[in-house]
Visitor: 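Take a look at the following structure, please.
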Protein chains: 2
Amino acid sequence: MRTGTEITKRSRGRPRGFSTEEVLEKVRGVFLAKGFTGASLDELAAAAGLNRPSLYAAFGDKEQLYIATLRFYGTKSIEGLDAILAGPGTIQQRLARVYSAAIDLYTAPPHRPGCMIVGTAAVESPTYPKIAAAAAELLAAIEKSLERAFAASDLPARPTPSARARMAGAIMYAIAIRARLGAKASDLKTFANSMVPTICA
Amino acid sequence: MRTGTEITKRSRGRPRGFSTEEVLEKVRGVFLAKGFTGASLDELAAAAGLNRPSLYAAFGDKEQLYIATLRFYGTKSIEGLDAILAGPGTIQQRLARVYSAAIDLYTAPPHRPGCMIVGTAAVESPTYPKIAAAAAELLAAIEKSLERAFAASDLPARPTPSARARMAGAIMYAIAIRARLGAKASDLKTFANSMVPTICA
DNA sequence: TTGGTTTTGTGCGATACGGTACAGAAATAC
DNA sequence: GTATTTCTGTACCGTATCGCACAAAACCAA
């Protein structure tokens with residue numbers, strides 16, 4: 001918890017020329033396209049609009065910057081997920097909306113990036129345990145969010161909400177993979193729509 | 001098809017001190033653990049037991065070596081998949097056997113590597129289109145294999161065999177992701193077993 | 001104004017990387 | 001035996017990489 005952007009205003013020295021969130025947002029694009037290992041600090045700094053030493057001073061090394069970006073991305077995504085699931089309509093309609101929104105993000109031009117967790121964090125897991133832990137934590141949070149929605153729905157008690165959540169999550173991860181490998185958005189939407197009734201059976 | 005290991009025996013000059021398949025098998029371990037970008041030619045050559053120039057002469061650059069490894073891995077995997085699906089038992093039993101075998105491979109020590117396509121090829125897709133194409137081709141072949149098995153089963157005509165295959169594939173990819181992020185084999189097997197009746201409903 | 005404090009940006013250094021040239025070694029063809 | 005062809009291994013090149021020193025700049029407190 002070292003946010004220190006809003007509250008901590010009494011900075012003694014020269015103030016920063018950037019906001020942490022803005023930097024993470026810009027850097028995310030590079031990490032999402034190239035992955036953690038494939039993204040160079042030069043590219044990251046250029047995308048963020050600042051120099052390597054500034055990046056380094058603000059976030060530590062590349063791994064910490066990546067994890068901060070991943071957490072930022074994940075938190076935002078889960079907020080979006082919660083928002084859709086808290087919206088109107090049947091659980092089927094809300095789940096379909098979740099998939100539709102995810103597919104739009106996953107297949108966004110020009111890179112069809114898929115999901116940052118599934119598409120870039122997974123590959124680094126054996127080498128960087130901290131990345132693996134952060135990614136696993138985020139996937140768990142995603143499934144918790146889904147589980148809450150299923151538990152609050154009027155679906156039959158079996159399968160359990162957590163089993164439904166694991167299944168719904170699995171479908172989402174598979175969509176992310178196929179998007180990154182080039183699948184068309186329309187095919188993914190057809191697939192997602194065909195899965196919603198099964199998940200909610 | 002440039003096998004040239006068994007048939008082509010009339011090599012004019014000095015014979016190779018290695019077999020293509022052996023090298024691909026050894027190199028696969030490095031690519032699987034580190035990914036394409038993360039694996040260095042030094043590591044790959046050391047794992048293969050030969051020097052960089054020999055690797056380079058035999059396979060071209062790193063990308064070609066990776067794609068050859070991916071195709072080799074994928075072809076072997078699909079052969080194994082076909083073999084299990086052609087075995088005895090109900091389609092439910094055979095599908096459960098497929099997942100069980102996959103989970104054993106995906107959670108093998110020491111790295112819990114998951115699947116090479118899902119775990120390492122996906123991240124490179126935006127940067128290396130040829131890798132993306134090879135990976136997508138392999139996933140399509142996996143789903144074709146599953147589709148044949150469903151078509152030959154006595155399951156209801158709806159959902160269609162191809163829809164069942166996409167779903168079964170999606171569950172497999174999700175398992176691969178979660179394995180690489182550290183999920184326990186037992187949890188994955190529980191999940192897989194819970195999905196088999198749904199896929200075969 | 002003066003001193004203290006933090007950020008910025010240039011520039012550097014050490015290393016690791018992918019890829020290759022080149023000479024020697026091991027086999028076959030004649 | 002000699003020539004030819006192919007593979008092996010050392011040694012190397014240019015580049016890109018991560019990470020950091022260091023001085024100048026921008027701000028606050030007194």
Side-chain angles (χ1 to χ4, degrees), chain A residues 2-24 26-27 30-31 33-69 123-124 127-128 130-131, chain B residues 2-24 26-27 30-31 33-69 120 124 127-128 130-131:
Chain A
R2 52 179 58 188
T3 60
T5 307
E6 320 299 332
I7 312 289
T8 317
K9 259 200 164 46
R10 71 299 191 43
S11 52
R12 275 278 270 150
R14 175 175 178 170
R16 282 192 175 160
F18 59 91
S19 103
T20 299
E21 295 212 345
E22 277 174 10
V23 166
L24 291 181
K26 290 175 180 166
V27 154
V30 179
F31 275 136
K34 305 262 191 126
F36 168 68
T37 304
S40 75
L41 284 184
D42 276 341
E43 289 173 304
L44 293 164
L50 41 83
N51 309 89
R52 283 198 304 282
S54 297
L55 253 189
Y56 201 80
F59 297 98
D61 63 6
K62 192 175 151 185
E63 184 178 5
Q64 289 175 276
L65 174 61
Y66 176 82
I67 291 176
T69 308
V123 71
E124 317 292 348
T127 311
Y128 300 91
K130 280 184 264 185
I131 293 179
Chain B
R2 53 179 57 186
T3 60
T5 309
E6 321 299 332
I7 312 287
T8 316
K9 257 198 166 48
R10 72 286 191 56
S11 52
R12 272 281 266 144
R14 176 174 177 171
R16 282 191 174 158
F18 58 91
S19 103
T20 299
E21 294 212 346
E22 277 176 9
V23 166
L24 290 181
K26 291 174 180 167
V27 154
V30 178
F31 276 135
K34 305 262 190 124
F36 167 68
T37 305
S40 75
L41 282 184
D42 277 340
E43 290 172 304
L44 293 165
L50 42 82
N51 309 89
R52 283 199 304 283
S54 297
L55 254 189
Y56 201 80
F59 297 98
D61 63 6
K62 192 176 153 187
E63 184 179 5
Q64 289 175 275
L65 174 61
Y66 176 82
I67 291 176
T69 307
T120 77
E124 317 293 348
T127 311
Y128 299 91
K130 280 184 264 185
I131 293 179

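In what follows, chains are A, B, ... by sequence order, proteins preceding strands, each numbered from 1.
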Visitor: Would you say the side chain of B/Val27 lies within less than 4.5 Å of the side chain of B/Phe59, judging by non-hydrogen atoms?
Guide: no
Visitor: Round to the nearest Å and state the distance from A/Arg16 atom CZ to D/dC27 atom C1'.
Guide: 14 Å
Visitor: How many whole angstroms separate atom CZ of A/Phe59 from atom C1' of D/dG19?
Guide: 17 Å
Visitor: From NZ of A/Lys34 over to P of D/dA16, roughly how many Å is that when rounded to an integer?
Guide: 12 Å
Visitor: Within this structure, what is the CG-to-C1' distance between A/Leu41 and D/dT15, rounded to whole angstrom?
Guide: 16 Å
Visitor: Does a side-chain N or O from A/Arg12 land closer than 4.0 Å to OP1 or OP2 of D/dC28, or not?
Guide: no
Visitor: Can you sort out which residues in residues 45-53 of chain B have a heavy atom within less than 4.0 Å of DNA chain C? Ascending by number, please.
Guide: B/Arg52, B/Pro53
Visitor: What integer distance in Å separates B/Glu43:CD from C/dT15:P?
Guide: 18 Å
Visitor: Considering residues at least two apart in sequence or located in another chain, which fulfil the ring pair (Phe, Tyr, Trp, His ring centres under 6.0 Å) criterion with A/Phe31?
Guide: A/Tyr66
Visitor: For the residue pair B/Asp61 and B/Leu65, establish whether any side-chain heavy-atom pair is separated by less than 4.5 Å.
Guide: no
Visitor: Is the closest side-chain heavy-atom distance between B/Leu44 and B/Leu41 below 4.5 Å?
Guide: yes
Visitor: For residues 50-57 of chain A, run the donor-acceptor check on the side chains, cut-off 3.5 Å, and write out each pair with its distance to 0.1 Å, sequence neighbours left out.
Guide:
| from | atom 1 | to | atom 2 | distance (Å) |
| --- | --- | --- | --- | --- |
| A/Arg52 | NH1 | A/Asp42 | OD1 | 2.2 |

Visitor: Could you state the CG-P distance from A/Asp61 to D/dT17, rounded to the nearest angstrom?
Guide: 17 Å
Visitor: Respond yes when some side-chain nitrogen or oxygen of A/Arg14 is under 4.0 Å from OP1 or OP2 of C/dT8, and no when none is.
Guide: no
Visitor: Let's see if you can work this out: which of C/dA27, C/dT7, D/dG19 has an atom nearest to the side-chain heavy atoms of B/Pro15?
Guide: C/dA27
Visitor: Does D/dC18 have its OP1 or OP2 closer than 4.0 Å to a side-chain nitrogen or oxygen of A/Tyr56?
Guide: no
Visitor: Measure CG/B/Asp42 against P/C/dG19 and give the value in whole Å, please.
Guide: 12 Å
Visitor: Compare all side-chain heavy atoms of A/Lys26 with those of A/Val23 and state whether any distance is below 4.5 angstrom.
Guide: no
Visitor: Considering all heavy atoms of both residues, which atom of A/Ala39 and which atom of A/Val30 are nearest to each other, and what is their separation?
Guide: CB-CG1, 3.8 Å
Visitor: If I take atom OH in residue A/Tyr128 and atom P in nucleotide D/dC18, what distance separates them, rounded to the nearest angstrom?
Guide: 10 Å
Visitor: Is A/Ser40 close enough to D/dT17 that one of its side-chain N or O atoms is under 4.0 Å from OP1 or OP2 there?
Guide: yes
